[in-house]
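Because the structure is a prediction, the values reported are computed rather than measured. Residue numbers run from 1 in the order of the sequence given.
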Amino acid sequence: MTDDVPAEATQPPTPVHLRAALAALPVYAPGRPAAVRDGLTAYKISSNENPFPPLPSVLEVVRDAATAMNRYPDMAVTALTRALADRLGVPAARISTGPGSVGVLDQLIRATCDDGDEVVFAWRSFEAYPILTTLAGARPVMVPLAPGARHDLDAMADAVTDRTRLVLVCTPNNPTGTTVGADELDAFLDRVPADVLVVIDEAYLEFVDAPDAPDAMAVHAARPNVVVLRTFSKAYGLAGLRVGYAVAHEPVAEALRKSALPFGVNSLAQAAAVASLDAADELDVRVKELVAERERVVAALRDQGWDIPEQQANFVWFDLGDDTAAFAAACEDEGLTVRPYLTDGVRATIAEPPANDRLVEVAGRFLAARRG
């Protein structure tokens, strides 16, 4: 996520009947392990993981919860649902949880789409979008990004048809790191039919400091067809436990619970998520450190001459075109594993300062060589 999508999945010959959709299914490629090089500390900066270890208070709660892992988890995820409802100021009936925000998104697509329906989203965006859409029997409608690696919301509105059931707005966008503005989002939503569900995917919300970023919860409150999707994987550092949630109006939230995988959120994940909400102030300090590192790295890259779009997540996007693979290889030679995307560009996670320093050094040498 060469690491990318969409690549056609190949199937070995078998007499067993498999769904025809699998033949063209994009393959999700997870970030590779850090590239080991003699004399260098290797860094994996390809998966947007939080580089900080778990907070001691959260880790203690997880250890305590592990003593009961012989029991099934609370299928209703009651404690986390109540905690989120209190934190967000919404009825608990509007909260639906799942194994990461991608798990909840899978429920959303399956709850809204029949065979031949359409899901509209920007491209390039989160690589799971076409996978989940295709698995549901729906058709991905991929709208090219506008200049500046931003969502082209006008073109996305134009792409909505009478078969569109879901529209995905990823802000900040993964992998380009750009956000949509509040005014342009409102104008876009005014054009989307009321019976089409719009999902605002805010997996990287906590890293956003753009003054014109939308208040997704306020947008949700005003529009019955808007769902807000969030995760504990990024800023909260719980990627390995898999827990995310949606805030949806009651009919949609009920549909999500009906389509949920039973016991999808395990006991350790729920305990860690609740403890993380309780430790919000400590986590906010870590987020601010990562944002400061992001700004430092972006400024250094721009000083070198890189045209870096406005970055609002915990990574940086290099628009490299045909040089994508060469840049990824240059990073790997220096013990950095980044995320290349075919001939579109490279995404590199903001990590420990030494990893970020090395990224800037490699990028500077690469740009100098590129210019000849």
Side-chain angles (χ1 to χ4, degrees), residues 50 52 54-62 64-65 73-105 107-108 169-172 179 182 199-210 213-224 226-250 252-254 256-257 260 264-291 312-314:
N50 191 319
F52 293 107
L55 288 172
S57 60
V58 175
L59 195 55
E60 182 178 355
V61 167
V62 172
D64 290 343
D74 169 20
M75 186 166 159
V77 199
T78 307
L80 179 56
T81 298
R82 288 175 178 168
L84 286 169
D86 290 344
R87 180 63 55 93
L88 299 171
V90 298
R94 291 194 182 184
I95 303 293
S96 181
T97 58
S101 57
V102 69
V104 184
L105 178 59
Q107 296 165 223
L108 279 164
V169 178
C170 186
T171 181
T179 54
V199 177
I200 304 176
D201 186 346
E202 292 192 312
Y204 299 91
L205 167 71
E206 292 81 5
F207 303 104
V208 175
D209 58 10
D215 180 346
M217 290 302 300
V219 175
H220 157 80
R223 297 179 184 266
V226 169
V227 173
V228 179
L229 188 63
R230 293 177 178 172
T231 184
F232 285 89
S233 294
K234 308 303 181 185
Y236 290 94
L238 303 183
L241 287 178
R242 314 306 304 128
V243 57
Y245 64 95
V247 185
H249 288 269
E250 281 81 350
V252 177
E254 182 180 359
L256 284 175
R257 287 188 284 273
V265 177
N266 68 63
S267 301
L268 305 187
Q270 178 174 205
V274 172
S276 295
L277 291 174
D278 291 339
D281 290 344
E282 294 175 84
L283 286 164
D284 187 55
V285 171
R286 292 182 165 188
V287 168
K288 283 182 168 58
E289 288 184 32
L290 287 172
V291 169
Q312 289 291 306
N314 67 332

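- Rounded to the nearest 0.5 angstrom, Tyr236 OH and Leu277 CG are separated by 5.0 Å.
- Shortest non-hydrogen contact noted between Ala271 and Ala65 is CB-CB, 3.9 Å.
- Here the shortest heavy-atom pairing between Ala273 and Phe232 reads O-CE2, 3.7 Å.
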For the pair Val287 and Asn314, evaluate side chain to side chain contact (heavy atoms under 4.5 Å, CB included) and give the outcome as yes or no after the intermediate values.
CA-CA 9 Å; Val287 168; Asn314 67 332; over 6 Å; no

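- The two residues Ser96 and Gln107 have their closest heavy-atom pair at OG-NE2, 4.0 Å.
- Under the 3.5 Å distance criterion, the side-chain polar atoms of Gln270 are left unmatched by any main-chain donor or acceptor of Asp74.
- Within the model, atoms CG of Asn50 and NZ of Lys234 stand 10.0 Å from one another, a figure rounded to the nearest 0.5 Å.
- With rounding to the nearest 0.5 Å, the separation of CD1 in Ile200 from CG in Asp215 is 9.5 Å.
- Between Arg94 and Glu250, the shortest heavy-atom distance links the atoms NE-OE1, 3.3 Å.
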What do the steps show when you test Val77 against Ile95 for side chain to side chain contact (heavy atoms under 4.5 Å, CB included), and what is the final call?
CA-CA 10 Å; Val77 199; Ile95 303 293; over 6 Å; no

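- For Gln312 (side chain) and Pro172 (main-chain N/O), no donor-acceptor pair under 3.5 Å exists by modelled atom type.
- Using a distance-only test at 3.5 Å, with no hydrogens or angles considered, a donor-acceptor pair links the side chain of Arg257 to the main chain of Ala93.
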Carefully, step by step, assess Lys288 and Asp284 under the rule salt bridge (Lys or Arg N to Asp or Glu O under 4.0 Å).
CA-CA 6 Å; Lys288 283 182 168 58; Asp284 187 55; 2.6 Å; yes

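- Taking the side chain as every heavy atom from C-beta outward, Leu283 and Ser276 approach each other to under 4.5 Å.
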Please step through side chain to side chain contact (heavy atoms under 4.5 Å, CB included) for the pair Arg286 and Leu55, ending with a clear verdict.
CA-CA 10 Å; Arg286 292 182 165 188; Leu55 288 172; 3.5 Å; yes

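- For the atom pair CE of Met217 and CG of Leu205, the computed distance is 10.5 Å after rounding to the nearest 0.5 Å.
- In plain terms, the two heavy atoms of Leu229 and Val199 that are nearest each other are CB-CG1, 3.9 Å.
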Please assess Ser101 against Arg230 for the test side-chain hydrogen bond (donor to acceptor under 3.5 Å, both in side chains), listing each intermediate value before the final yes or no.
CA-CA 6 Å; Ser101 57; Arg230 293 177 178 172; over 6 Å; no

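- Here the CG-OH distance, from Leu88 to Tyr245, works out to 5.0 Å after rounding to the nearest 0.5 Å.
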Walk me through it: do Val104 and Thr97 pass the test side chain to side chain contact (heavy atoms under 4.5 Å, CB included)?
CA-CA 7 Å; Val104 184; Thr97 58; 5.8 Å; no

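- Annotation: side chain of Phe52 is in contact with side chain of Leu290 (closest heavy-atom distance under 4.5 Å).
- Taking each heavy atom of Ala280 and Arg87 in turn, the nearest pair found is CB-NH1, 3.7 Å.
- Within the model, atoms OG1 of Thr231 and CD of Glu206 stand 8.5 Å from one another, a figure rounded to the nearest 0.5 Å.
- At most 12 non-hydrogen atoms from other residues, nucleotides or ligands lie less than 6.0 angstrom from CD of Glu60.
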